[in-house]
Amino acid sequence: MSTNPKNPAAPADNAPAANFLRNLIDADVASGKYADRKDNLGRPLPPIITRFPPEPNGYLHIGHAKSICLNFGMARDFGGRCNMRFDDTNPTKEEQEYVDTILDSVKWLGFDWKDDTGEHLYFASDYFDKLYEMAEYLITAGHAYVDSQSAEDMAKNRGSFGEPGKNSPFRDRPAEESLDLFRRMKAGEFRDGEHILRAKIDMASPNMNMRDPAIYRIRHAHHHRTGDKWCIYPMYDYAHPIEDAIEQVSHSFCTLEFMDHRPFYDWVLERLAEGGFFQRPLPEQTEFARLNLTYAVTSKRKLRQLIDENIIDGWDDPRNSTIVGLRRRGYTPESIRLFCERAGVAKSDSWIDMGTLEGALRDDLDDKAARAIAVLRPLKLIIDNFPENLSDDCSAPVHPHHPERGQRSFPITRELWIEEEDFMETPSKGYFRLFPGNKVRLKYGYVVECTGCDKDDNGKVIAVHCSYFADSKSGTDGANNYKVKGTIHWVSAQHSLEAEVRLYDRLFTDPNPDAGGKDFKQVLNPNSKEVITAYLEHGMRAALPDDKFQFERHGYFVADRVDSTPGNPVFNRAVTLKDSWQAK
Ligand code: ATP
Ligand code: MG
């Protein structure tokens, strides 16, 4: 494995790291397990087929990005295909809005579901007829029955860990009777919960998921795609393997909590293969560890709570761990893919440090982002010997390592904005910036010597005075005659752009805000968003939404894609230049 020079522990950006799922596919490809398969039109199938199967009940978050990069990434690396599939079997929580944003996020991350046989975008709800037909088959073949116990009895008879369950009194009802009831369930003759269709497996199985799990339940609910056509809906554990098999998925990757569901996944497919519904080889489920990110929550339910309680400003709040939030914060698709690659694929649950995500963004933007000057905590600097009406152009490279990207220019004038922290009336030890009698270089401009300051009635410094040396301009011969220890940045008070800047930071102060059932709302970072008015290099007027910059000394910033207007960009801090959380 080659390594990344910036971070030897991480794989090189172009070389995928080995992991157990990649090894598994390697072995399957080598053994020809899924070779020579044909689709139902007789066309050859790609060597592997994966799928990304979100439920359209919320916005995607960084954990989903992991699954997307894994499923689409493996398909790409092995010349296979990844199907985009909405697992929309649960009628009440799903909406078109979520379908749209999910598709948008997957595309934005750089993936798509097209290949030379067309678009592979599927909806589980399109399989409702097939799922129903297969359920009838299972009843007829003696593998499923309609149970008419009350919900309480069913729960009671399920047993518990270490204690076997009890057979339902309806378990051995004749198949014809179950079939008749099932058809009447479908016809709408019963109320929710009156009957349920269950697989007939083993009520004494040590695996609770094999104790005659439910297959279909009555739910008089409107579905966002099928409307009121159905009043019975398949259970996830029954539908999922069938969806995979219909789509001829070879590798079905899911998170670890589904490990105990795998025997039922296999049971469903084996029974239906016996019934002639599916050809072998059947899809195989393999589990990997969920991505948990420190200082973040990655659960749609908890994200929704943050929004409902107005703790953040919506799904796309730049502090949110949603894809739309990260995008608005200034994350690039490349940085998120790099992060997912560096996070790796594990077999047991672990936490990945937020610093890894932020580091991936820095590594991506360092090379891409144009440089600009921004004064975030402004203090007036007056160059008393600078001519009142003079405006003298200074220039700086757009990017220090890419001269081919050209130069930017900005004027220096008599009155400037500098950072408050770049002046100290009484300097502390080792302070080399402005203090009375000291010289500093105004970056890309002149050397100035501090002559004093003005204060308000409370003793607060409101302006700093200096004088400049006309022969000291950066880039001229005279510049070398001045040796100074400090360099500070500045913008012209007259020409700079006044702009709203939002300084975002981590949303939580606890690295594991929701671990072990903790209340994540108790560990909110009160300083996760600070809105300031800053003065920017005048060229920033032309910044377009989503444009990213490194504000020198401050970090990476993006022109907000929602609130910026032409000529008036609003900036979000995506990430600081260095990780200030490391030592905490
Ligand atoms: P949530 O708990 O946030 O609702 P989910 O797992 O219910 O998430 P789905 O829409 O069902 O969300 O997930 C779609 C796919 O994304 C699934 O294959 C799921 O395993 C995967 N996924 C979801 N969260 C993570 C995560 N944190 N890490 C890796 N994969 C994830
Ligand atoms: Mg879910």
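Indexing begins at 1, ligand by ligand and atom by atom, following the structure's order.
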Quiz item: Which ligand 1 atoms does Glu55 reach within 4.0 Å, using its non-hydrogen atoms?
Solution: 9 (P), 10 (O), 11 (O)

Practice problem: May I ask whether His61 has any heavy atom positioned less than 4.0 angstrom from an atom of ligand 1? | Solution: yes

Quiz item: Got an N/O contact under 3.5 Å between Leu291 and ligand 1?
Solution: yes

Quiz item: Can an N or O of Ser299 be found at a distance shorter than 3.5 Å from an N or O of ligand 1?
Solution: no

Quiz item: Heavy-atom distance to atom 25 (C) of ligand 1: which of Pro54, Ala343, Gly63 wins?
Solution: Gly63

Quiz item: Could Asp579 and Arg506 be called an ion pair, given the rule that one side-chain N must be under 4.0 Å from one carboxylate O?
Solution: yes

Exercise. Mark yes or no: Arg219 above the aromatic ring of Tyr233, with NZ or CZ under 6.0 Å from the six-membered ring centre and no more than 45 degrees from the axis.
Key: no

Quiz item: Parallel under 30°, tilted from 30 to 60°, perpendicular over 60°: which one fits the rings of Phe264 and Trp267?
Solution: parallel

Exercise. For ligand 1, find out whether one of its N or O atoms is nearer than 3.5 Å to an N or O atom of Arg51.
Key: no

Quiz item: In terms of ring plane angle, is the pair Phe508 and Phe520 parallel, tilted or perpendicular, where the classes change at 30° and 60°?
Solution: perpendicular

Quiz item: Does Phe52 come within less than 4.0 angstrom of ligand 1, counting non-hydrogen atoms of the residue?
Solution: yes

Quiz item: When you check the gap from the basic side-chain N to the acidic O, do Lys529 and Asp317 get nearer than 4.0 Å?
Solution: no

Self-check item: From the candidates Arg301, Arg290, Arg85, His64, the one that places a heavy atom nearest atom 2 (O) of ligand 1
Solution: Arg290

Quiz item: Taking the six-membered ring of Phe128, is NZ or CZ of Lys229 closer than 6.0 Å to its centre and within 45° of its axis?
Solution: no

